[in-house]
Amino acid sequence: MDQAKEEPKSYRDQQRLAALRASIANLEAKHAQLEKDLAALHDLLIDNPDATCNRYVKLLHEYNDIKDVGQGLMGILAEARGVRQVDVEKEFGVAEED
C-alpha cells in the first residue's frame, strides 16, 4: 500500500489532515468564485466594445463642452481686462497642453 494514501494512525495527525482538507476545500471554493467574478468582469470589458466606445465618446464630448465654456469665459475676462487670453490662462494655471 502506498504511504501517501495511507490514513494517519494518530488522532492528532487525523485532525491535522481533516483541517488541511477543509482548508483546501475552502480555498478551492474561493478560487472558483474568483474565477466566476473575473469571467463576469471580462465579459463586461471585452464583449461590449460598443458600450465602452459610446461612453468614451460621451465623456469626450462633455470634456470638450466644458473646455469650450472655460476658454470662452477666459476670453471674456481677457477682453474686459485688455490683456491677451494666454495671460489669463497662465493666471489660472492653464497650460498649453490643457
Side-chain angles (χ1 to χ4, degrees):
M1 185 148 67
D2 185 18
Q3 282 186 341
K5 293 185 180 183
E6 283 184 24
E7 289 293 320
K9 297 194 188 306
S10 77
Y11 179 72
R12 187 175 177 199
D13 288 343
Q14 288 176 359
Q15 284 182 318
R16 286 181 182 165
L17 184 60
L20 287 172
R21 285 182 176 149
S23 178
I24 288 171
N26 185 28
L27 290 171
E28 286 174 341
K30 284 182 182 178
H31 180 263
Q33 183 60 46
L34 288 172
E35 287 289 337
K36 184 178 173 184
D37 294 345
L38 180 63
L41 289 173
H42 187 268
D43 289 345
L44 286 174
L45 294 173
I46 302 301
D47 293 338
N48 201 352
D50 290 334
T52 302
C53 186
N54 288 339
R55 183 173 188 278
Y56 176 79
V57 168
K58 180 184 172 199
L59 291 172
L60 189 58
H61 282 294
E62 269 183 53
Y63 168 80
N64 285 333
D65 290 344
I66 292 168
K67 183 178 176 184
D68 291 345
V69 168
Q71 285 180 330
L73 290 172
M74 285 188 273
I76 292 169
L77 187 58
E79 187 176 325
R81 290 182 179 175
V83 297
R84 298 180 314 153
Q85 184 169 337
V86 174
D87 297 331
V88 174
E89 289 173 357
K90 285 181 185 176
E91 178 184 336
F92 284 97
V94 178
E96 283 184 35
E97 54 276 350
D98 290 338

Trainee: What is the distance from atom CD of Q71 to atom CD of E89, rounded to the nearest 0.5 Å?
Mentor: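 The distance works out to 6.0 Å.
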Trainee: Measuring from atom CZ of R16 to atom OH of Y11, what distance do you get when rounded to the nearest 0.5 angstrom?
Mentor: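 That separation rounds to 13.0 Å.
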Trainee: Does atom CD of Q15 have more than 12 heavy-atom neighbours, drawn from other residues, nucleotides or ligands, at distances under 6.0 Å?
Mentor: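 Above 12, so yes.
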Trainee: Any chance you could lay out the side-chain contact (heavy atoms from CB on, under 4.5 Å) test for N64 and L60, step after step, and finish with the verdict?
Mentor: CA-CA 6 Å; N64 285 333; L60 189 58; 4.0 Å; yes
Trainee: Please report the interatomic distance CG(N26) to CD(E28), rounded to the nearest 0.5 Å.
Mentor: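 It comes to 10.0 Å.
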Trainee: Please assess E91 against D87 for the test side-chain contact (heavy atoms from CB on, under 4.5 Å), listing each intermediate value before the final yes or no.
Mentor: CA-CA 6 Å; E91 178 184 336; D87 297 331; over 6 Å; no
Trainee: So, taking the atom named NE2 in H31 and the one named CG in L38, what distance separates them when rounded to the nearest 0.5 Å?
Mentor: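 These two atoms lie 9.5 Å from each other.
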Trainee: Which heavy atom of G75 sits nearest to which heavy atom of Q85, and what is that distance?
Mentor: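 Nearest heavy atoms, G75 then Q85: CA-OE1, 3.5 Å.
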Trainee: Under 4.5 Å between side-chain heavy atoms, counting indirect links through other Ile/Leu/Val/Met/Phe/Trp/Tyr residues: same cluster for V83 and M74 or not?
Mentor: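 Yes; tracing contacts between hydrophobic side chains, which count when under 4.5 Å, links both residues.
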